[in-house]
Amino acid sequence: MKIQYKAAGIMSLFGIAILLIVGSIYQFQNNKIIIAKEMENIEDLVEESAAHLDSHLEEQARIALTLSSAPIIHETLLKSNAQYSALSSEERNLQITSLNEQWMQTTDLNDPFILEHLTNPAAEYFKLQQTNFPGLFGEIFLTNRYGVMIASTGKLTTLAHASKYWWQAGYDNGQGRIFFDDRGFDTSVNGYVLGVVIPIKHNNEIIGILKSNINILGPLSDILNEYSQQHTSMLRIVRTGGIIVVEHDAEPLTTQIHTSLIPFLEQKGLGTTKLTEDGIEKLIAYSPVSNTLGSEQYGFGGNYQSIGQIKGNQGEAWHIVISSDTKEVIASSRESLRFIGYIGLIFAMLTIGIALLFGQWVSKPLMKLATSVRILGEGKLGERVEITSKDEIGQLSKDFNKMANDLELSYSELKAAQEQLVRTEKLAVLGQLAGGVAH
């Protein structure tokens, strides 16, 4: 094989090896960088989304506060409280128990006792709000300071509510605190309901509790849809225990987050992690919704087995969970790798071309030298190599020429010695002949 082809082959293999090594290193490092950036990105997004949902809850609280501040609400509460306050504690409890039993046993919605609570000015005010905000409100109702419902948009299961968890949470030992009641699926409105409980105060004392049940599925779905239009990762709203409040293509409260993620949610902090789900590696970011953690201003929770509820909250917070498929995340680097491959192919082709030219450049003087060696070997001692380069080949050429000179000189000297020997032998023969003649 000619030396130029050997050189081209060696340089090509070297170029390909360099390309593979560089490509592998680039792919590895690039994937690490992309994954790290995606982790930072979804962590920012999950925090932003949690803040967005916090703002939405606060907006619902402001709407309910506006409802509770109407003069008709205060007038109705003060009048009802005055009636019940006039009774002794024992008389009041007996009356509340009696009215509650009557309420539960009365099924006719046109009964005067029922209509008294559903058609009074406060109840009509609540119904007006339902009309003004279609699809937002479920039931809206008002209880006095003793937990007796005195105005409602519809017939509730019970009349007495002081023993209900949400009422006690809103009353908060007389301090008063807005409470979000994550009721789950509420059969009374046939939808996912979040109750907003507002303590109503007069002269810094609680005079009643207003509760507005909000069909929350629509607003939550809007948050998901808005997110999915802008991002490829998936957003879910999840309770601390792992049940998914809402996600795309699934009924609320029917699916569960991966169990390995629950310990992270239980820490109720912001963070990221990786997990494998159904054989697919996912990048996960999670953040609690602050207003669902509980504070002096807001309470949050529910009761799993309250009447009329299915899968109510069990004292859990809400969390935003965003997940990205690792393969989809690093797929963006394939274009870069393909570009590097094209560059590498061009580099390899250039390397082969350069190797051929380099091989030809290197082999040309060597071929000249080889030809001169062959000619010299054929006995043409006058052969010389005209290579003037100052590299090793040039030095080899000088050595060849010196060797040829020495060989030619040695041959000349040998020929002269042979001729001298022949002459000497001839003279000796002539001398012998001359001596013989003399005798």
Side-chain angles (χ1 to χ4, degrees), residues 61-106 108-109 111-129 137 139-181 188 195-213 296-299 301 303 306-308:
R62 284 192 290 270
I63 292 173
L65 280 169
T66 301
L67 290 178
S68 69
S69 64
I72 188 62
I73 301 299
H74 284 248
E75 292 172 9
T76 302
L77 284 172
L78 292 173
K79 180 179 178 181
S80 176
N81 288 337
Q83 293 174 353
Y84 280 89
S85 297
L87 304 174
S88 67
S89 178
E90 183 178 354
E91 290 174 335
R92 185 167 52 247
N93 291 335
L94 287 173
Q95 182 170 336
I96 292 175
T97 301
S98 175
L99 291 174
N100 189 56
E101 290 177 355
Q102 180 183 353
W103 178 271
M104 294 175 66
Q105 293 171 3
T106 303
D108 183 6
L109 297 181
D111 185 279
F113 175 59
I114 303 298
L115 291 177
E116 179 186 348
H117 296 78
L118 304 185
T119 59
N120 60 49
E124 294 298 333
Y125 168 71
F126 293 151
K127 292 175 183 178
L128 178 62
Q129 306 313 309
F137 290 112
E139 294 167 337
I140 308 174
F141 57 98
L142 179 70
T143 76
N144 62 19
R145 64 181 298 178
Y146 302 105
V148 179
M149 190 272 290
I150 56 177
S152 176
T153 55
K155 186 179 185 299
L156 307 178
T157 305
T158 62
L159 188 73
H161 296 275
S163 62
K164 303 289 183 65
Y165 67 89
W166 57 264
W167 197 96
Q168 295 175 3
Y171 187 75
D172 194 29
N173 296 317
Q175 300 301 310
R177 179 174 67 161
I178 296 172
F179 180 74
F180 295 108
D181 179 19
S188 66
V196 183
V197 180
I198 303 293
I200 302 171
K201 292 187 176 183
H202 180 73
N203 293 332
N204 207 32
E205 288 187 1
I206 294 177
I207 59 174
I209 300 287
L210 179 142
K211 186 177 186 184
S212 58
N213 287 333
E296 292 184 0
Q297 185 176 6
Y298 298 108
N303 188 326
S306 180
I307 297 174

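Being a predicted model, the structure only gives us computed values, none of them experimental. As a basis for the values below, the full set of heavy atoms in this structure was taken, side chains included, without hydrogen atoms, waters or symmetry mates.
When the shell of 6.0 Å around CG of N173 is examined, it contains 12 or fewer heavy atoms from other residues, nucleotides or ligands.
S212 pairs by the side-chain hydrogen bond (donor to acceptor under 3.5 Å, both in side chains) definition with nothing, not counting sequence neighbours. The side-chain hydrogen bond (donor to acceptor under 3.5 Å, both in side chains) check on W103 picks up nothing, with sequence neighbours excluded. Y171 meets the ring-ring contact (aromatic ring centres under 6.0 Å, His included) test with W167; sequence neighbours excluded. Residues forming a side-chain hydrogen bond (donor to acceptor under 3.5 Å, both in side chains) with E91 (at least two apart in sequence, or on another chain): S88. Listed by chain and residue number, F180 satisfy the ring-ring contact (aromatic ring centres under 6.0 Å, His included) test with Y298 (two or more places apart in sequence, or in another chain).
In summary, the aromatic rings of H117 and F141 are positioned with their centroids too far apart to meet the 6.0 Å limit.
Closest of all the heavy-atom pairs between L77 and T143 is CD2-O, 3.3 Å. Closest heavy-atom contact between S152 and A123: O-CB, 3.4 Å. Closest heavy-atom contact between I198 and S68: CG2-OG, 3.6 Å. The two residues T76 and A122 make their nearest non-hydrogen contact at OG1-CB, 3.8 Å.
Considering only heavy atoms from C-beta on, M149 comes within 4.5 Å of H161 through its side chain. Side-chain contact between L65 and I178 is present, with at least one heavy-atom pair separated by less than 4.5 Å. Using a 4.5 Å heavy-atom threshold, the side chains of L109 and K155 count as touching. Side-chain atoms of E124 and N120, non-hydrogen and from C-beta on, never get closer than 4.5 Å to each other.
Screening residues 197-211 for salt bridge (charged side-chain N to carboxylate O under 4.0 Å, His left out) gives D181-K211 as the qualifying pairs, with residues at least two apart or on separate chains.
Side-chain contact of Y146 with S80: a donor-acceptor pair under 3.5 Å is absent, judged by distance alone.
Note: N144 CG to N81 CG = 5.0 Å, rounded to the nearest 0.5 Å. Taken to the nearest 0.5 Å, the CD atom of Q129 stands 13.0 Å off from the NZ atom of K127.
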